[in-house]
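Here is the structure we will look at.
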Amino acid sequence: MAISDTERLKAWVRAGGRCEFCGNYLLEGKLTYKDFTLGELAHIVGRDVAPGSPRGMDPLPEDKRDLADNLMLLCRGEHNEIDRRGSLDLMTVERLRAIKREREAWIRRMTGLSPQNGTAVIRLIGPVRGYEVELTKPTAAEAVIRSEERFPDFPLSLHGDGFEIDLRNVIGEEEGEPAYWEQCKRQIDRILEHRLAEALREDAVHHVSAFGFARLPLLVYFGSRLDDTFAVTIYQRHRSTEAWNWPDTPAPSTSFTTTPPRNLPQGAEEGVLVLNVSGSIQADELPEHLKELPRWVINPAGKVPSVDVIDSLETLSEFTNSLRSMLSSLEAQHKHMQTLHVLAAAPVSAAVALGRVHDAHVHPKMAIYDRTDGRYTVALEIS
């Protein structure tokens with residue numbers, strides 16, 4: 001019995017015209033770019049109930065084997081491979097059904113999103129002590145769709161990669177020399193103060209999804225260049241799941257407490273802000289010239305600082321509100337404050353949020369510290 005036109009159409013539409021393994025578009029040639037039907041419909045459970053039919057001895061009734069639910073749209077080579085005898089122990093009925101189910105559910109979500117509900121994806125990619133993580137375009141797109149059901153857009157790029165700030169080839173990351181920080185700042189400015197600013201002027205961007213992996217001072221600087229003239233959702237890689245999307249069912253949000261200095265002399269021109277979010281910075285770890293300055297400390301309320309304290313957008317909002325409140329009190333009560341020295345043990349989202357909250361017009365200049373070889377030194381200043 002041949003596959004009916006109706007079931008064939010269902011299978012193609014559900015797969016979005018792409019291979020359900022590699023994602024190749026199967027309605028256009030790669031060499032000539034002419035219209036071709038290059039995909040093949042592969043049976044999950046073989047058409048015949050016979051030992052020689054791949055996975056054919058499964059109990060699925062014969063009258064259901066040519067239906068779209070039992071078909072996968074694949075490239076020719078992959079169709080051939082999953083049916084080879086040597087791969088049948090791996091390409092089982094259960095595994096193929098799971099791949100098909102997840103792929104087609106993703107395509108349905110993706111095609112159900114409105115371009116009017118779009119977001120421009122910005123990725124800051126750099127090493128941390130020589131270590132890198134995956135932050136590809138598909139990774140970011142999936143996180144946006146799962147977290148906010150927005151349409152991820154990657155504008156202004158020949159390859160459709162969007163706003164990508166690649167710091168991986170900047171020399172001197174592990175040493176953290178001044179030249180390293182300055183070169184990274186220029187890279188960030190080149191994308192955000194030129195390409196993003198141009199897109200904003202042309203009214204091409206209304207919402208931004210910000211992803212980052214880099215040394216903490218650079219994350220703060222990155223956030224400082226994402227101003228309040230447009231909406232931003234900040235993402236981070238979660239250590240517990242190794243995923244970038246915010247959880248679908250987050251735990252109750254965590255609040256944060258701010259401990260102000262005990263004695264704040266009138267007219268103090270310098271202060272210290274310590275963020276104990278993903279870890280704790282003790283008083284005796286501060287550089288000598290900071291130990292006698294008035295100090296504010298922000299901690300998670302009722303929790304020990306850890307890498308996954310900020311596990312939801314709601315908790316990130318609580319942290320952001322604590323920062324805003326602390327900076328507002330400086331603005332209102334300590335107008336002589338010129339410099340705020342910032343030492344932070346914080347995840348990506350908190351570092352970016354700090355940069356966004358800081359307003360150079362009303363808040364003190366921030367000196368962002370980096371820890372190298374057990375010592376805290378100023379990496380860069382934000383004013």
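Rounded to the nearest 0.5 Å, atoms CZ (R97) and CG (D69) are 9.5 Å apart.
Ring pair F211/Y235 is parallel by interplanar angle, where below 30° counts as parallel and above 60° as perpendicular. The aromatic rings of F319 and F256 lie perpendicular to each other, with more than 60° between the two planes, well past the 30° mark.
Contact check on R76 versus E40 returns a salt bridge, with a Lys/Arg side-chain nitrogen under 4.0 Å from an Asp/Glu carboxylate oxygen. The existence of a salt bridge linking K34 and E28 is excluded, since no basic side-chain nitrogen approaches an acidic carboxylate oxygen closer than 4.0 Å.
With 3.5 Å as the limit, one finds a donor-acceptor pair spanning the side chains of T372 and D370. Residues S209 and T233 have side chains that never bring a donor and an acceptor to within less than 3.5 angstrom of each other.
A continuous path of Ile, Leu, Val, Met, Phe, Trp and Tyr side chains, each step under 4.5 Å between heavy atoms, connects V348 with V232, placing both in one hydrophobic cluster. W244 and V128 fall within the same hydrophobic cluster, where Ile, Leu, Val, Met, Phe, Trp and Tyr residues are linked whenever their side-chain heavy atoms come under 4.5 Å apart, directly or through other members.
Counting heavy-atom neighbours within 6.0 Å of R324 CZ, excluding the residue itself, gives a total above 12.
Just one residue in the list L73, N70, L74 forms a side chain to side chain contact (heavy atoms under 4.5 Å, CB included) with L41, and that residue is L73.
Aromatic ring centres of Y369 and H341: separated by under 6.0 Å.
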| request: For R65 and E62, run salt bridge (Lys or Arg N to Asp or Glu O under 4.0 Å): C-alpha distance rounded to whole Å, both residues' side-chain angles, the deciding distance at 0.1 Å, then the answer. | output: CA-CA 5 Å; R65 297 192 177 197; E62 287 188 76; over 6 Å; no

